[in-house]
J.: 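There's a structure below that I have some questions on.
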Amino acid sequence: MAPMHSLRTHTCGELRREHTGLTVRLSGWLHRKRDHANVLFLDLRDHYGVVQCVLDGASPLLKTAEALRLESVITVTGQVVARAPDAINPRLATGEVEVAVGELTIQSTADPLPLPVNSDTELPEETRLRYRFLDLRRERLHRNIVLRSRVIASIRRRMIESGFMEFQTPILTSSSPEGARDYLVPSRVHPGKFYALPQAPQQFKQLLMTSGFDRYFQIAPCFRDEDGRADRSPGEFYQLDVEMAFVTQEDVFAALEPVLHGVFVEFAEGAAVTPPPFPRIPFGEAMAKYGSDKPDLRNPLLIADVTEVFRGSTFSAFATPVASGAVVRAVRAPGAAAQPRSFFDKLGQWAREQGAPGLGYVILADGGARGPIARFLDADRLAQLAAATGARDGDACFFVCDGKPAAERLAGRVRLRLGEELGLIEPNAFRFCWVTDFPMYELNEDTKKIEFSHNPFSMPQGGLEVLEKADPLTIKAFQYDIVCNGVELSSGAIRNHRPDIMYRAFAIAGYGRDEVEARFGGMLNAFKYGAPPHGGSAPGIDRIVMLLAGETNIREVIAFPMNQQAQDLLMQAPGPVAPERLKELHIKLDLPNADGEGSSRR
RNA sequence: GGGCUCGUGGUGCAGCCUGGUUAGCACACUGGACUGUCAAUCCAGAGGUCGCGGGUUCAAAUCCCGUCGAGCCCGCCA
């Protein structure tokens, strides 16, 4: 008989009734301990699960085992024993058996723990990040990281099955134009010059299309020196980066929809998933109906334009701004007539916190209208309001009056808030849509200059002719986002593969020919030797996993995330470097004054 | 860069609004008891510059100011 493996013959999660009688060897962490003096239970945990091990009073190992601290790593050898019927633990996959310990080896002892591993209590994030290796042992985070791996494997399989090829592109590359701040890496060989970490492999994937490859994808790390948010990891994140040659916008949608739909159905555990084709919502319509460029379609409420209801009315707080170009947007609150006064006061207070002067509302009840501004609306105007919003007796309507963009944005937030407050959000569902036809340019309110509103490499709708003739602010791009449950998963575009159009597009944004050549010479030059029409997209992997894991914080699906200040508390990054290293990189530090002891700049 | 919230033994929280006892509870830790538990239980113990600095006061964890740190948000994120 072959000798037994020195560490394990089985995993902690796999023992079942049919293993009864086998002598097994298990290794794992001491998850929990229940000590009855003459019988000691050890719950042993590994990646695969937990199993109960038993030592009885006669065991010479008892004293050693009793003294073990939680999270120590041990190897036990013993016989799998069926539990008595009244001792079965139905909450444990291995609960029908236990292991009668005959041998016990201590592999690694644990100090007293800075955070509990065997409990799911909430812990402050700073503690969790400092001891991430312990946090990762805990069930929730461990499960999320396993899910992440499975999701990525599924995406990769689906992409390859759809005829895409996986590529790698450089991490040390050149600074990209526009967009976020770059992370820079100094060059030792070229004094004063820097590599940049890619904000996305944007130009490389377009170069690959120009190189004659047809369907590119990459699970690509992206680096952006921007501040974090709950749904935005500072520093780095991963994209499913996709690019296709000889495609229209619809071809890109048709390629990505089955992948996303398939992945979500696979991991959504029965939740509803929008079947392809996903709804397409033009940007202008998204702003008008949902007050957002990332509409949450689980929310059934729609914003209505009720400017005409108030135009010329006696409610001067709205009528006066309307006369000079403001608009009024309404959100219906179904059944809100039954809400107490505090409901309306609370929303008004919230709106003021959002920077609005307040939140007008009308309650439709008992065939009439009440509320602070009801008396300003006669029967005709109320009928007009009901027609525009679909409001019926028993509903309320909330109003926002401002310039069009501000009114749309606030109405969008009111829509979200009402959906939540009134419990209208469709549960257990992933609702996808494409938001299309983004404007090519926008006006920077501070500088009054025209800027690219998204990707400067997007193809303007209408091509060169439109660029030359139309008001730039009216030009749309073949630019689109994928949105799921109000989360922006990706943006993408049909690219501008024509140097002549590119020069013109950049000229409108104030970039001269020389500057364009200096900054994207590599790609621009490539387009002068025969470039295919192409386009793609880049859904965020972390956000996909976040949605599937039911998490609202992206750090819950990243094994080793940085905190909001872009520090790695576990590895102590960023950290200082030795003066010799700086010298060979030709770098002298010019630090801000550290008169406050400089404790924030370690 | 700005706004809001938070900071109390190793860990999570209470106490703060309304200043005044020995700063309380749970988990972990140490010792003890216990033949079947599965969040084991019971008894005992150790462990605290109440983030830091200043102020008000007879007296500050508590009130005020400043500062540092964390989270969320705004800015930023082609």
Side-chain angles (χ1 to χ4, degrees), chain A residues 31-44 50-59 62 66-67 69-71 81 83-84 86-92 94-95 98 100 110-131 134-135 176-182 199-200 202-203 222-235 237 353-355 413 438 440-442 445-446 451-458 477 479 488 491-493 506 509 519-520 538 540 552-553 555 563-565 567 569 595-602:
Chain A
H31 188 63
R32 236 187 268 284
K33 214 168 37 168
R34 290 174 295 281
D35 189 353
H36 296 250
N38 279 310
V39 58
L40 172 66
F41 299 99
L42 304 176
D43 285 348
L44 194 65
V50 175
V51 65
Q52 174 167 286
C53 304
V54 199
L55 288 89
D56 70 35
S59 170
L62 196 71
E66 276 179 331
R69 269 196 295 263
L70 297 184
E71 295 305 307
V81 180
R83 296 204 202 180
D86 61 342
I88 287 172
N89 183 353
R91 286 185 298 171
L92 213 55
T94 60
E98 60 194 8
D111 286 345
L113 299 169
L115 57 84
V117 170
N118 62 15
S119 119
D120 58 3
T121 52
E122 298 270 340
L123 294 170
E125 204 162 19
E126 192 177 359
T127 307
R128 296 178 55 200
L129 291 176
R130 181 162 289 134
Y131 298 98
L134 291 178
D135 196 19
S176 36
E178 306 292 313
R181 282 183 290 270
D182 291 312
Q199 294 185 27
Q202 182 66 35
Q203 295 186 66
C222 303
F223 305 91
R224 295 179 192 175
D225 184 4
E226 294 299 334
D227 293 335
R229 286 288 184 278
D231 64 350
R232 204 166 78 202
S233 173
F237 60 97
E353 285 164 14
Q354 305 290 307
R413 273 179 270 168
F438 278 84
M440 183 83 186
Y441 300 101
E442 64 191 11
E445 295 293 343
D446 296 331
E451 297 179 346
F452 289 107
S453 67
H454 279 77
N455 188 326
F457 303 128
S458 300
Q479 167 89 41
E488 182 192 318
S491 62
F506 274 94
R519 294 176 99 160
F520 334 107
T552 53
N553 188 310
R555 295 185 293 273
N563 67 6
Q564 194 171 35
Q565 280 65 245
Q567 297 166 303
L569 299 179
D595 40 33
E597 304 300 327
S599 61
S600 67
R601 287 184 295 273
R602 277 175 294 204

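When reading the values below, keep in mind they use all heavy atoms of this one structure, side chains included, and skip hydrogens, waters and symmetry mates. Remember, it's a predicted structure, so these values are computed and weren't measured experimentally. Proteins come first, then strands; the chains are lettered A, B, ... in the order of their sequence lines, and each starts at number 1.
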J.: Using Watson-Crick or G-U wobble geometry with both distances below 3.5 Å, tell me the partner of rU41(B), or none.
T.: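 The base-pairing partner of rU41(B), which may sit in any strand shown, is rA33(B).
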J.: Using atom types as modelled and distance alone, determine if a side-chain donor or acceptor of Thr552(A) lies under 3.5 Å from a backbone N or O of Ala230(A).
T.: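 No, Thr552(A) side chain to Ala230(A) backbone: no donor-acceptor pair under 3.5 Å.
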J.: Does any nucleotide pair with rA26(B) by Watson-Crick or G-U wobble geometry, both distances under 3.5 Å, and what is it?
T.: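 Looking at the geometry, rA26(B) pairs with rU11(B).
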J.: In whole angstrom, give me the gap between the P atoms of rG9(B) and rU5(B).
T.: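 Comparing P positions in rG9(B) and rU5(B) gives a spacing of 22 Å.
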J.: Take the protein atom CG of Leu569(A) and the nucleotide atom P of rG69(B), then report the distance between them rounded to whole Å.
T.: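 Atom-to-atom, Leu569(A) to rG69(B), this comes out as 12 Å.
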J.: I'd like the C1' distance from rC63(B) over to rC58(B), given in whole Å.
T.: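 Nearest-Å result for rC58(B) against rC63(B) at atom C1': 16 Å.
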J.: Kindly indicate whether the side chain of Arg232(A) and the base of rC77(B) share any N or O donor-acceptor pair separated by less than 3.5 Å?
T.: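 Indeed there is one.
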J.: What interatomic distance, in whole Å, is found between P of rU62(B) and the corresponding atom of rU49(B)?
T.: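 rU49(B) and rU62(B) have their P atoms separated by 16 Å.
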J.: Between rC72(B), rC29(B), rA70(B), which nucleotide has the shortest distance from any of its atoms to the side chain of Gln564(A)?
T.: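 My answer, after comparing the listed nucleotides, is rC72(B).
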J.: With both distances under 3.5 Å as the test, what is the Watson-Crick or G-U wobble partner of rG66(B)?
T.: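 Base-paired to rC52(B).
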J.: Taking the P atom in each of rG3(B) and rG47(B), what is the distance between them to the nearest angstrom?
T.: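 Their P atoms lie roughly 42 Å apart.
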J.: Could you tell me whether the side chain of Arg32(A) and the main chain of Asn118(A) form a donor-acceptor pair under 3.5 Å?
T.: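 Flag set: sc Arg32(A) to bb Asn118(A) pair under 3.5 Å.
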J.: I'd like to know if the side chain of Asp182(A) pairs up with that of Gln199(A) as donor and acceptor (distance under 3.5 Å, no hydrogens or angles considered).
T.: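 There is such a pair between these side chains.
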J.: Rounded to whole Å, how long is the line connecting atom CD of Gln565(A) with atom C1' of rG71(B)?
T.: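 It works out to 9 Å between those atoms.
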J.: Could you give the distance from CD (Gln203(A)) to CZ (Arg519(A)), rounded to the nearest 0.5 Å?
T.: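 These two atoms lie 11.0 Å from each other.
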J.: Would a distance-only check, ignoring hydrogens and angles, find a side-chain to backbone donor-acceptor pair under 3.5 Å from Glu226(A) to Arg181(A)?
T.: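 Checking the backbone N and O of Arg181(A) against the side chain of Glu226(A), a donor-acceptor pair under 3.5 Å is found.
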J.: Please identify each residue that fulfils salt bridge (charged side-chain N to carboxylate O under 4.0 Å, His left out) with Glu488(A), with sequence neighbours left out.
T.: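 So Glu488(A) forms no salt bridge (charged side-chain N to carboxylate O under 4.0 Å, His left out) with any residue.
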J.: What interatomic distance, in whole Å, is found between C1' of rA33(B) and the corresponding atom of rG71(B)?
T.: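 Comparing C1' positions in rG71(B) and rA33(B) gives a spacing of 44 Å.
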J.: When you measure from the side chain of Ser458(A) to the backbone N and O of Asn455(A), does any donor-acceptor pair fall under 3.5 Å?
T.: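 Yes, because the side chain of Ser458(A) sits within donor-acceptor range (under 3.5 Å) of the backbone of Asn455(A).
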J.: Give a yes or no on whether the ring-centroid distance for Phe237(A) and Phe223(A) is below 6.0 angstrom.
T.: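 Between Phe237(A) and Phe223(A), the centre distance exceeds or equals 6.0 Å.
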J.: Please examine the side chains of Val39(A) and Val54(A), heavy atoms only from C-beta on, and report whether any two atoms are closer than 4.5 Å.
T.: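 The answer is yes; the side chains approach within 4.5 Å.
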J.: Determine: side-chain N/O of Arg128(A) to OP1/OP2 of rG71(B), distance under 4.0 Å, yes or no.
T.: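 False: Arg128(A) side-chain N/O out of range (4.0 Å or more) of rG71(B) OP1/OP2.
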J.: Round to a whole Å and report the spacing from CG of Asp227(A) to P of rG2(B).
T.: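 To the nearest whole Å, that distance equals 12 Å.
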J.: Given atom CG of Asn455(A) and atom P of rC77(B), what is their separation to the nearest angstrom?
T.: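 Going from CG in Asn455(A) over to P in rC77(B) covers 14 Å.
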J.: Only pairs with both distances under 3.5 Å count, Watson-Crick or wobble alike; so what is the partner of rU57(B) in this structure?
T.: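 Result: none.
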J.: Rounded to the nearest Å, what distance is computed from the CD atom of residue Gln567(A) to the P atom of nucleotide rG69(B)?
T.: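 Atom-to-atom, Gln567(A) to rG69(B), this comes out as 8 Å.
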J.: Could you tell me whether Asp43(A) and Arg34(A) have a side-chain N and a carboxylate O separated by less than 4.0 Å?
T.: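 Looking at Arg34(A) together with Asp43(A), the answer is yes, because their closest N to O distance falls below 4.0 Å.
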J.: Do nucleotides 8-15 of chain B as a string where each nucleotide becomes B, S or -: B if the base has a protein heavy atom under 4.0 Å, S if just the sugar-phosphate does, - if no protein is that close.
T.: --SSS---
J.: Indicate, yes or no, whether a donor-acceptor pair under 3.5 Å links the base of rG71(B) to the side chain of Arg555(A).
T.: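 Counting by modelled atom types and ignoring angles, no donor-acceptor contact under 3.5 Å is found here.
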J.: How far does the C1' atom of rC6(B) sit from the matching atom of rU67(B), given to the nearest Å?
T.: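 Between the two C1' atoms, the distance is 16 Å.
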J.: Given 3.5 Å as the limit, does a donor-acceptor pair link the side chain of Gln479(A) with the main chain of Gly492(A), or not?
T.: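 Yes, because the side chain of Gln479(A) sits within donor-acceptor range (under 3.5 Å) of the backbone of Gly492(A).
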J.: Can you tell me how far C1' of rC77(B) sits from CD of Glu442(A), to the nearest Å?
T.: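 Rounding to the nearest Å, CD of Glu442(A) and C1' of rC77(B) are 12 Å apart.
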J.: Within the structure, does a side-chain N or O atom of Asn553(A) lie under 4.0 Å from either OP1 or OP2 of rG71(B)?
T.: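 False: Asn553(A) side-chain N/O out of range (4.0 Å or more) of rG71(B) OP1/OP2.
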J.: How close or far is atom P of rG7(B) from atom CG of Asn563(A), stated in whole angstroms?
T.: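 In whole Å, rG7(B) P and Asn563(A) CG are 19 Å from each other.
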J.: How do Ser453(A) and Pro112(A) order along RNA chain B: which one's closest nucleotide is nearer the 5' end?
T.: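 Its nearest nucleotide lies further toward 5', so the answer is Pro112(A).
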J.: Taking rU18(B) as the reference, what is the distance to rG10(B) when you measure between their C1' atoms (whole Å, please)?
T.: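 Roughly 33 Å separates the two C1' atoms.
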J.: Starting at atom CG of Asp182(A), determine the distance to atom P of rC77(B), rounded to an integer number of angstrom.
T.: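 Distance check: Asp182(A) CG to rC77(B) P gives 12 Å.
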J.: Give the B/S/- string for nucleotides 30-41 of chain B, one per nucleotide from 5' to 3', where a protein heavy atom under 4.0 Å of the base yields B, of only the sugar-phosphate yields S, and otherwise -.
T.: S---BSBBBSB-
J.: Using the C1' atom on both, measure rG54(B) against rA14(B) and round to a whole Å.
T.: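 rG54(B) and rA14(B) have their C1' atoms separated by 28 Å.
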